[in-house]
Protein chains: 2
Amino acid sequence: MALASRNIGVDDSRTRLVEAAEQLMREEGYAAVTSRRVASKAGLKPQLVHYHFRSMDDLFLAVSERGAQQLSEHLDRALASHQPLHSLWELISDRNTAVLASEFLALANHRRTIRAEVARYAKRYRSVQIELLSLTFSECGISRTLYPPAAMALIMESIARTLAIEASLGLSAGHADAIRFVKRYLDIVEPVRSPRKSSKREKLLADLSGRGGPVPRK
Amino acid sequence: MALASRNIGVDDSRTRLVEAAEQLMREEGYAAVTSRRVASKAGLKPQLVHYHFRSMDDLFLAVSERGAQQLSEHLDRALASHQPLHSLWELISDRNTAVLASEFLALANHRRTIRAEVARYAKRYRSVQIELLSLTFSECGISRTLYPPAAMALIMESIARTLAIEASLGLSAGHADAIRFVKRYLDIVEPVRSPRKSSKREKLLADLSGRGGPVPRK
DNA sequence: GTCTATACTTCGATAGAC
DNA sequence: GTCTATCGAAGTATAGAC
């Protein structure tokens, strides 16, 4: 892991600013991420934001890269787990992840540099999910025309994100039903069985960690 | 329709401001909705915003009410149509509607007055969809335990919204597949047949127009 | 209802001392 | 790397003339 050395025992200002920005984004939305508020949350002076980041967009990109990095690691673990599809569902259902993701989608809607980064990562991330589903379906004899992996990946993520957003607004109508529905589907597509080694799955894992990952800036 | 009289031939400043605000929200996100930018888009002076609306939150609420009103009317038409479920899908798939809705969800995440209004309307709106699905399922003999109407309503809307947001970011992976998947499902649940009168469906329609609609302020 | 003028706040960003 | 000081831009909102 190339970036790990950078994060060992690091609690420096830069990291704290990125963490504060991420927290603000999740709790109060991207519009609350101002240099002053971020600094205040990190217990630092506002001017330090501009020392560590050329502009606020750069700060957002740093939050994005950090999120993408963490998501990739979680996805690695999910793919390597006993029931990768079930693990994937748990992963994308995480409220923090889903809320942060939708804040970035909203932000991407009106900031060009963010849009490019979000689109780039979303594409890569989705394609890994599609390969996983594709692999699982062929192992289980699921029809690829009746249940196109690309559609299923999109649908799973849509549902997870909606559940998270609605829950954070205090809405819960249909949530329990929807979760049961998805889980029942997952149990059919990926029944419990003993762990196995799959060379294809290992290749998938290598692909994600390598190709086109977040580019370290320094 | 109680509010109609208010909108006959009206192109007054207030309406133009609301329209400009809505457009800005869709095109550049809620953060772009400032008194200056809204006024500029409407060809008016910024101070007029504060004459017509006590605060910016009031402006957002006006946009919300207008959107809710229009959505209700569209939903009325969808419920009354030949294939209400198919019409519902077309309705929630409309890009403008979906993008505006997700902007409001994001806005609701960090403005308390907006949150209350959005939650209130979302609840009502969803419950009408659930009743429609419930009715359609029982007419078609679809199992309500295997396909809980509440879950299906949530899932349909999730997919539609995700497709709209991703499309506006230039992402299209799996979109065609997902649309085909949903349409195939709709064709099974609600096959083409001759129009009919359903007293239950008419009651549903009346419920939506009446109970708890947007409250006129003056 | 619409205008001008303006008070006040908060923001992003930079310069320069230490 | 962190601080003080500060600029200019943009935001919300109000007062008062017409």
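The sequence lines fix the lettering, A, B, ..., with proteins before strands; numbering per chain opens at 1.
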Exercise for the section: Examine B:Y30 together with B:H110 and report whether their ring centres are nearer than 6.0 Å. Expected result: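 Yes: the rings meet the under 6.0 Å criterion.
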Problem - Ring center gap for B:Y121 and B:F104 short of 6.0 angstrom - result: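 For B:Y121 and B:F104, the ring centres are not under 6.0 Å apart.
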Below 4.0 angstrom from OP1 or OP2 of [N], is there any side-chain N or O of [X]?
{"X": "B:S35", "N": "D:dG11", "value": "no"}
{"X": "B:H52", "N": "C:dT2", "value": "yes"}
{"X": "A:T34", "N": "C:dC11", "value": "yes"}
{"X": "A:S55", "N": "C:dG12", "value": "no"}
{"X": "B:Y51", "N": "C:dG1", "value": "yes"}

Exercise for the section: Mark yes when over 12 heavy atoms from residues, nucleotides or ligands other than A:K45 sit less than 6.0 Å from its NZ; otherwise mark no. Expected result: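 Not more than 12 within 6.0 Å, no.
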Atom [atom1] of [X] to atom [atom2] of [N]: distance rounded to whole Å?
{"X": "B:R14", "N": "C:dT2", "atom1": "CZ", "atom2": "C1'", "result": "16 Å"}
{"X": "B:H50", "N": "C:dC3", "atom1": "NE2", "atom2": "P", "result": "14 Å"}
{"X": "B:F53", "N": "C:dT2", "atom1": "CZ", "atom2": "P", "result": "12 Å"}
{"X": "A:Q47", "N": "D:dT6", "atom1": "CD", "atom2": "C1'", "result": "10 Å"}

Handout entry: Side-chain heavy atoms of B:S168 within contact of B:R95, under 4.5 Å
Key =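 B:S168 vs B:R95: side chains touch.
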